[in-house]
Amino acid sequence: LGQPLDVLVPAFLRGRVVPYLQGLVAEGARVAADHQVAWGLRRSGEQFPLQATMQSQIIARRRVLTARVRDCSRRSERDREQHLLAELGAAMLRDTRSEETIARSLCELTVRHGVADACVVDLVDDDDETTTAALHRDPSRQAACDALCRLQLERNRPHLMREALRTARPVLIRDADDATLAGVSQSPAHHALLAAMNVRSLVVVPLIARGHVVGAVALIAGEAGRY
């Protein structure tokens, strides 16, 4: 409160925003406008979406531009989640002929929307056969994802998806340290692949259709505590 307005503006926007604000003051505009969501800067240096209503007025014979700022982080997150869910539903309806296509589409949508750094999808068909797809936003880690898809895992032994598939309930691991990864690995090779994918935090969500578990999605983050 009471600080210069440009402390809220990320560096990459100051070259455009600050001159614009100075122009509003010089023109003496009473109300600048209710702006659409833009980017602001927290004290920590984190960027966040905001909406600002700005007003130019005379205070003690000086023209001052004031702003009321609303943090739109939660609204933007909800909008993104709703958009993602709509796209995921459309993808599953559109790609009914191939589990592999569905799994790949789920991975691509999840990573593209920034929900996760990596995504692994397991789909289980009527014959109890599993189709796996995995995608990482970092191309240098995609080889580990591809190798994980080729790895033959036993469903009744520990692995990322096991508890979600077995209980039909989400599983959250906030801090996936090396010991945690070892606990969901079936072999040293399996453990090495999870480490190469930089699994540090994850949530596994069951996919349920008509009351039956048909698969699971693992959303993976490269930093602990993201989920």
Side-chain angles (χ1 to χ4, degrees), residues 37 39 47 49 73-153 155 159-165 168-174 176 181 184-185 190 192-210 212-227:
V37 174
W39 287 102
Q47 295 178 20
S73 299
R74 290 186 179 179
R75 187 178 70 183
S76 296
E77 186 67 25
R78 285 196 301 270
D79 289 346
R80 186 175 66 175
E81 289 174 355
Q82 291 299 318
H83 185 56
L84 173 62
L85 288 173
E87 286 203 46
L88 291 176
M92 295 188 74
L93 288 173
R94 183 175 62 247
D95 298 322
T96 54
R97 292 175 299 176
S98 166
E99 272 99 6
E100 183 178 356
T101 303
I102 295 173
R104 186 167 59 249
S105 295
L106 294 180
C107 287
E108 290 173 353
L109 287 170
T110 302
V111 174
R112 173 159 57 85
H113 278 273
V115 177
D117 294 325
C119 177
V120 181
V121 174
D122 273 3
L123 296 180
V124 182
D125 64 18
D126 294 337
D127 296 322
D128 215 28
E129 295 293 328
T130 301
T131 299
T132 301
L135 182 68
H136 206 292
R137 66 192 300 263
D138 182 352
S140 69
R141 297 185 184 276
Q142 186 57 41
C145 291
D146 296 339
L148 182 69
C149 294
R150 295 190 298 269
L151 198 64
Q152 297 296 316
L153 298 177
R155 289 188 59 189
H159 59 91
L160 287 181
M161 309 295 200
R162 182 186 179 214
E163 287 304 303
L165 291 170
R169 300 180 63 181
V171 175
L172 172 65
I173 301 178
R174 293 189 179 277
L181 294 184
V184 292
S185 301
H190 188 193
L193 289 175
L194 296 178
M197 290 171 60
N198 196 30
V199 179
R200 296 296 309 280
S201 176
L202 71 151
V203 58
V204 185
V205 182
L207 297 173
I208 300 175
R210 299 182 180 88
H212 297 286
V213 177
V214 296
V217 178
L219 306 177
I220 296 168
E223 68 271 4
R226 175 172 171 180
Y227 299 124

If you round to the nearest 0.5 Å, how far is [atom2] of [Y] from [atom1] of [X]?
X      : Y      : atom1 : atom2 : value
Cys119 : Arg137 : SG    : CZ    : 13.5 Å
Leu165 : His159 : CG    : NE2   : 6.0 Å
Leu151 : Leu194 : CG    : CG    : 9.0 Å
Cys107 : Arg112 : SG    : CZ    : 12.5 Å
Asp122 : Arg162 : CG    : CZ    : 14.0 Å
Leu207 : Leu106 : CG    : CG    : 6.5 Å

Pair Thr110-Leu219, side chain to side chain contact (heavy atoms under 4.5 Å, CB included): steps then yes or no: CA-CA 8 Å; Thr110 302; Leu219 306 177; 3.2 Å; yes
Over 12 foreign heavy atoms within 6.0 Å of CD, Glu163: yes
Is there a side-chain contact between [X] and [Y], using heavy atoms and a 4.5 Å cut-off?
X      : Y      : answer
Leu135 : Gln142 : yes
Leu202 : Val120 : no
Thr132 : Leu148 : no
Ile220 : Asp117 : no
Val124 : Val213 : no

Taking all heavy atoms of [X] and all of [Y], pick out the closest pair and write down the distance.
X      : Y      : value
Ala164 : Pro206 : O-CB, 3.7 Å
Val204 : Ala216 : CG1-CB, 4.1 Å
Glu223 : Ser201 : O-CB, 3.3 Å

Partners passing salt bridge (Lys or Arg N to Asp or Glu O under 4.0 Å) against Asp146 (at least two apart in sequence or in another chain): none
Identified side chain to side chain contact (heavy atoms under 4.5 Å, CB included) partner of Val199 from the options Val184, Leu181, Leu193: Leu181
Check: Asp127 side chain, Glu129 main-chain N or O, donor-acceptor pair, under 3.5 Å: no
Side-chain (Arg141) to main-chain (Ala196) donor-acceptor, under 3.5 angstrom: yes
